[in-house]
Amino acid sequence: MMKHELKVVLGALLASFALAGPALGQGKVQTLDGTLKKIKTSGTLNIGYRESSPPFSFMGPDKRPIGYSIDLCMHVATAIQKQLGLANLKLGWVPVTAENRIEMVVRGSVDIECGTTTASLSRQERVDFSLMTFVDGAGLLTTPAANLRGAADLAGKRIAVIPGTTTEKALAEYLKSQFITVQIVRVADHSAGLAALEKGEADAYASDRGILIGLAVTSKDPKRFSLPNLVFSYEPYGLMVRRNDAAFRLTVNRALAGLYRSGDIGPIYDRWFGALSKPSEGLKAMYQLNALPE
C-alpha cells in the first residue's frame, strides 16, 4: 500500500515539473515601473537641458539643445528606445536652471537632466546620479584689465558667481582658507556671468573651467578673456535622475558604460573640446574606471 502511494506522489510531482518546465525555459518577462514605465506609456523621454552652459549644454544656431552632455543623453535615449521596443521615442526638451534643476527632477518634470551638475553627496539626498560623465574643477574667467594672475591678486576684486552652486560654496571655502576678502557679484546664469565681465561689472567670473572655456570660445571676442592657473574645487559631473529608481539608473549606466568601453566617447569629446584641449589624464582615468563590464 505504501509503495503504491509513493508512486502516486512521485507521479504527481513529475507531472507538476513537466508542466512547469516550459515556463522555466522561457525568458524573463520585463516588469516595468517608475521612469521606464512612464516613458513606455507616454512614448516620451523628457530631457532637462541648460540654455547657456557651453560646450556641455546650450542652444545651437537652430534653437535646439546641443553640447557634450546632450550627445551623451541622445545615446542614452537610443538605448531606452531599444530596451522598451518603441518604434518611435519622442524627446521632450525642458529648459532648467541652476536654481530649479534638482526640483525639476524630483517632481518628475524631467526624466533625466543633461547639463553640468556636480554629483555631490548632499544632492544625493534628493536625487540620484548616473556614472560620472566628466571631471572638472572650478576656476576663474577674467580679462587682462583685471590683472588677475593668481590668488594673491584676488583681494578686493569683484567675483561673479551663480548662487546655490557647488562653485559658490567652493569659492567661499577657498577664499576663507587663503584669508582673502572679495566682493561677490551674484548672477542668474553663465550668460549673465559673461555679460558682467564684458560690461565691467565684475573682474572675474567663477565656474567650472570647462564651462568657462566654452563661454570664452563662443563669445564675440575670445581673445579678450583669460583663464588664470587657479583651480579651487573638484567637480565630478553626472546625469541627474530620480532617486530610488534603480531600473532606470541601470539603463542609463549601461548606455554610458558601453560608450566608454567602445571608445565612442572619443569622437564626442573631440566634437566639443578637441579645438580647446586634449582629455586630461584624470578624465581618461574616469572613462576607464566607468567602462564597467556587462
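- At distances below 3.5 Å, at least one donor-acceptor pair connects side-chain atoms of Asn253 with backbone N or O atoms of Leu131.
- Surrounding CG of Asn229 are at most 12 heavy atoms belonging to other residues, nucleotides or ligands under 6.0 Å away.
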Using the side chain to side chain contact (heavy atoms under 4.5 Å, CB included) rule, take Glu168 and Arg186 through it: C-alpha gap first, then chi angles, then the decisive distance, then the call.
-> CA-CA 9 Å; Glu168 182 190 38; Arg186 290 175 172 80; 3.8 Å; yes
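- Under the 4.5 Å side-chain heavy-atom criterion for ILVMFWY residues, no single connected hydrophobic cluster contains both Val241 and Phe129.
- Val127 and Phe248 are assigned to two separate hydrophobic clusters, defined by single-linkage of ILVMFWY side chains at heavy-atom distances under 4.5 Å.
- Residues Glu103 and Arg126 are paired through a salt bridge, judged by an N-O separation under 4.0 Å between the basic side chain and the carboxylate.
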Might you work through the side chain to side chain contact (heavy atoms under 4.5 Å, CB included) test for Ile66 and Trp272, ending with a clear yes or no?
-> CA-CA 10 Å; Ile66 58 173; Trp272 300 107; 3.8 Å; yes
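- Leu256 places none of its side-chain heavy atoms less than 4.5 Å from the side chain of Asn290.
- Between Ile265 atom CD1 and Leu72 atom CG the span is 5.0 Å, to the nearest 0.5 Å.
- Atom CZ in Phe232 sits 7.5 Å away from atom CG in Leu175 (nearest 0.5 Å).
- In this structure Pro236 satisfies the side chain to side chain contact (heavy atoms under 4.5 Å, CB included) test together with Thr118, Met132, Tyr234, sequence neighbours excluded.
- Listed for the Ser262 side chain is a donor-acceptor partner under 3.5 Å among the backbone atoms of Gly258.
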Verdict with supporting geometry, Arg243 and Glu125, salt bridge (Lys or Arg N to Asp or Glu O under 4.0 Å) | CA-CA 8 Å; Arg243 198 163 186 259; Glu125 294 176 355; over 6 Å; no
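- Connection of Val217 to Ile211 is established within a shared hydrophobic cluster, with ILVMFWY side chains joined at heavy-atom distances below 4.5 Å, either directly or through further cluster members.
- Proximity of a side-chain donor or acceptor of Ser233 to a complementary backbone N or O of Ala138 within less than 3.5 Å is detected.
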Per-pair distances, 0.1 Å, donor-acceptor, side chain in residues 280-287, under 3.5 Å, sequence neighbours excluded:
| unit_1 | atom_1 | unit_2 | atom_2 | d |
| --- | --- | --- | --- | --- |
| Ser280 | OG | Leu283 | N | 3.1 |
| Tyr287 | OH | Tyr68 | OH | 2.7 |

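- Counting only N and O atoms by type, the side chains of Ser219 and Arg224 include no donor and acceptor under 3.5 Å apart.
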Given Asp128 and Asp245, is the side chain to side chain contact (heavy atoms under 4.5 Å, CB included) satisfied, shown in steps?
-> CA-CA 8 Å; Asp128 278 338; Asp245 193 339; over 6 Å; no
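- Of all heavy-atom pairs between Leu140 and Ala206, the closest is CD2-CB, 3.5 Å.
- Contact check for Ile162 versus Thr167: no side-chain heavy atoms found under the 4.5 Å cut-off.
- The shortest distance between side-chain heavy atoms of His190 and Tyr205 falls below 4.5 Å.
- Asp71 CG to Arg271 CZ: the interatomic distance, rounded to the nearest 0.5 Å, is 4.5 Å.
- Applying the side-chain hydrogen bond (donor to acceptor under 3.5 Å, both in side chains) rule to Arg64 yields no partners; only residues at least two apart in sequence or on another chain are considered.
- A donor-acceptor contact under 3.5 angstrom links the side chains of Arg101 and Thr117, judged on distance only.
- Side-chain contact check for Thr78 versus Lys82: every heavy-atom pair is 4.5 Å or farther apart.
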Would you please test Val96 and Arg50 for side chain to side chain contact (heavy atoms under 4.5 Å, CB included) and show each step?
-> CA-CA 6 Å; Val96 298; Arg50 299 290 294 275; 3.9 Å; yes
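- Thr41 places no side-chain N or O within donor-acceptor distance of the main-chain N or O of Lys38, the cut-off being under 3.5 Å.
- Side-chain contact between Thr142 and Pro228 is present, with heavy atoms from C-beta onward closer than 4.5 Å.
- Side chains of Val94 and Tyr49 form no contact here, defined as non-hydrogen atoms less than 4.5 Å apart.
- When the shell of 6.0 Å around CG of Asp221 is examined, it contains more than 12 heavy atoms from other residues, nucleotides or ligands.
- Across Asp203, Ile180, Thr181, a single residue satisfies side-chain contact (heavy atoms from CB on, under 4.5 Å) together with Leu154, and that is Ile180.
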Audit row: Arg158, Glu201, salt bridge (Lys or Arg N to Asp or Glu O under 4.0 Å) steps and yes/no | CA-CA 8 Å; Arg158 299 163 299 166; Glu201 298 171 352; over 6 Å; no
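- To the nearest 0.5 angstrom, Lys40 atom NZ is 7.0 Å from Leu32 atom CG.
- Taken to the nearest 0.5 Å, the CG atom of Asp208 stands 9.0 Å off from the CZ atom of Phe134.
- By the rule that hydrophobic residues join a cluster once side-chain heavy atoms approach within less than 4.5 Å of another member, Val252 and Ile268 end up as members of one cluster.
- Between Ala160 and Ala202, the shortest heavy-atom contact is CB-CB, 3.9 Å.
- A donor-acceptor pair is defined here as one N or O able to donate and one able to accept, closer than 3.5 Å; no such pair exists between the side chain of Thr251 and the backbone of Ile80.
- The shortest distance between side-chain heavy atoms of Asp111 and Arg242 falls below 4.5 Å.
- Counting heavy atoms from C-beta on, the side chains of Leu45 and Gln81 never come closer than 4.5 Å.
- Atom CG of residue Leu141 and atom CD1 of residue Ile159 lie 11.0 Å apart, to the nearest 0.5 angstrom.
- Tyr269 and Leu212 end up in the same hydrophobic cluster when Ile, Leu, Val, Met, Phe, Trp and Tyr side chains are linked at under 4.5 Å.
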